[in-house]
Amino acid sequence: MKRSQKQRKQSRNSKNSDDITEPHSKLLLERFPYSIKDLQFREVPTLHVNQDFFLDPFKTIDDLYAKGYEKFGIVKLLLPSELIVPEKKFFSDLEMKLKGKKVETRVQTLNQLQAGEIFGSNIVGFTLQEYMSYANKFECSYKLQGAREVSNQIRQNEIEFWSIVDFPDRYDEVEVEYAADLLATKYATGFQDGQLGNLSTINKNCNSIFQVLQEKNEMSGISVPWLYLGMKYANFCWHKEDLNLNSLNYMHAGAPKTWYAIPPSHSEKFLQYFNKKYEKERIHNPRLLYDIVCQISPIELAEQQISIIRTEQHPGELIITLGATYHAGFSHGFNCSEAVNVAPTQWLDEYDRASTEYRMDGNYKKVSFPLEWLLTKVVLMADQVKFTKQSWIKLSDKFKMMIQSEIDNRNSIIALYEQVKIVEFANKLEKYDRNVCKICSNYMFFSYIFCGKCLKKGCIAHQSVCACSNPKISLYIRYNSEELQTMLTTLESKANSKTVQ
């Protein structure tokens, strides 16, 4: 919805799905401050794949790493056209699956995207038909707020979108709604029964670390797909995936999206610029980056010598992000996409980088799960899961480093305090989220220290959890040193097995 300067102060509480954008009142339109020349960025690497991709998707991911595509941080895969479900059938089927459920939306004002304000919410929501109607009415009635420069509508939208974001006071307010992060297990998946490429099952493939997750709610929102309904100018702000996980984003149907990405080599540079640009705002909201509400134009970032690559995503195209890749983008009309996180063994080192970054940033971002827990599940299910020999080697090497650090920290605790009481967990299989560090808020899976005087507990990496003069320290451990070594032996035997390819 577009609003004039006077209308901006009106309450949004009266909003409903039948609002129609009014025609623009200006007769002579000025040129936008940006032109198509300002939006010339390198294209995201694009590859054609056949149906074999879905038989072993992680082999393709392995190939991308082997060929050096991680330096781009993002790749677009063009899938066979026969896999695309016709738009009318797709939305008809999706409507049947949703069974009239209403989806809440984020209320986004383009003129405020640089301000770093938390998005509003439409908690009444829309049914699929209501949202489709709202999105289409908005697009049909929308009037360009500047002189048209190019005939290509996608590129013209880009010019206007970033002009409004960067020069908000020059334009009438533009408000859109985005139905994002709709958990597929709660709402619906956009994939048809038996459709090749269903993201709901992709993490069950060989070389996926997430294949150890047996229950749908075992790690909700990470290994389970999300559904997204977008409209013209509905957008996702700059962010990386949780713990630098890889992600797959498939567009089912509708209007295209424009994506922008920052290669991992420029990730730190972006972070520094973000923190400088929003220095004052971060005083009041230290979590600002992780709230994913700040939109910075790629033009501005390029001026800071931050590398930007760009692409357009159409139905039947799959976007893969790799590692520490910041990305952002927006839609050009009503559409539907679905996305899921994946964890190939190449991601293992990214976990350490991400958790270190969270810690250095004051732990305002909490790790979603402990890697120790995930790899322990791999050990316990070693005869049930499928990895290539090279992947078993990576898993074994990572686990070896992990338990060596664990044992070193335990020995330091024992040497530091007198009469440390060692207590083994009563239930070694209890969930990873039962014990949380009071200092850094991270999960304590393998062990923790506890002071019997002040009743505080924390990670053994901190070595101290309190200021007690004579603390009564207990060291709680899930597995003893012999058990950890036996677990490592299990992984090493897999890595050294001649029967594993």
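FYI, the numbering just counts along the sequence from 1.
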Not counting sequence neighbours, which residues clear salt bridge (Lys or Arg N to Asp or Glu O under 4.0 Å) with [X]? List them please.
{"X": "R410", "answer": "E406"}
{"X": "D166", "answer": "none"}
{"X": "E372", "answer": "none"}

Scan side-chain atoms only and decide if [X] and [Y] contain a donor-acceptor pair under the 3.5 Å cut-off.
{"X": "E300", "Y": "Y273", "value": "yes"}
{"X": "Q295", "Y": "N235", "value": "yes"}
{"X": "R478", "Y": "T376", "value": "no"}
{"X": "N198", "Y": "S200", "value": "yes"}

- Message: If the test is side-chain contact (heavy atoms from CB on, under 4.5 Å), which one of Q384, K386, K377 qualifies with Q211?
- Response: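 Result: among Q384, K386, K377, K386 is the only option passing the side-chain contact (heavy atoms from CB on, under 4.5 Å) with Q211.
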- Query: Which of these passes side-chain contact (heavy atoms from CB on, under 4.5 Å) with L348: L374, D397, L375?
  - Reply: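 Result: among L374, D397, L375, L375 is the only option passing the side-chain contact (heavy atoms from CB on, under 4.5 Å) with L348.
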Are [X] and [Y] ion-paired here, with the side-chain N under 4.0 Å from a carboxylate O?
{"X": "D383", "Y": "K494", "result": "yes"}
{"X": "E104", "Y": "R106", "result": "no"}
{"X": "K365", "Y": "D242", "result": "yes"}

- Query: With under 30° as parallel and over 60° as perpendicular, where do the rings of Y432 and Y443 fit, or are they tilted in between?
  - Reply: perpendicular
- Any idea how Y250 and H252 line up, ring-wise: parallel (<30°), tilted (30 to 60°), or perpendicular (>60°)?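 Ring orientation, 0 to 90° scale: perpendicular.
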- Sequence-distant partners of D349, side-chain hydrogen bond (donor to acceptor under 3.5 Å, both in side chains), two or more places apart: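 Here no residue qualifies.
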- Task: Can you sort out the partners of Y476 under side-chain hydrogen bond (donor to acceptor under 3.5 Å, both in side chains), two or more places apart, ordered by chain and number?
- Result: none
- Task: Only pairs at least two apart or in different chains count here, so list each side-chain hydrogen bond (donor to acceptor under 3.5 Å, both in side chains) that has a residue in residues 69-79.
- Result: K76-T311
- Task: Starting from the C-alpha separation in whole Å, work towards a yes-or-no answer on salt bridge (Lys or Arg N to Asp or Glu O under 4.0 Å) for K277 and E281.
- Result: CA-CA 9 Å; K277 180 180 175 70; E281 289 82 357; over 6 Å; no
- Test the K457-F450 pair against the cation-pi criterion, namely NZ or CZ under 6.0 angstrom from the six-membered ring centroid and within 45° of the ring axis. no
- Message: Before you tell me yes or no, could you show the steps for R353 and E350 under salt bridge (Lys or Arg N to Asp or Glu O under 4.0 Å), namely the whole-Å CA-CA distance, both residues' side-chain angles and the distance that decides it to 0.1 Å?
- Response: CA-CA 5 Å; R353 294 190 188 100; E350 291 292 344; 3.1 Å; yes
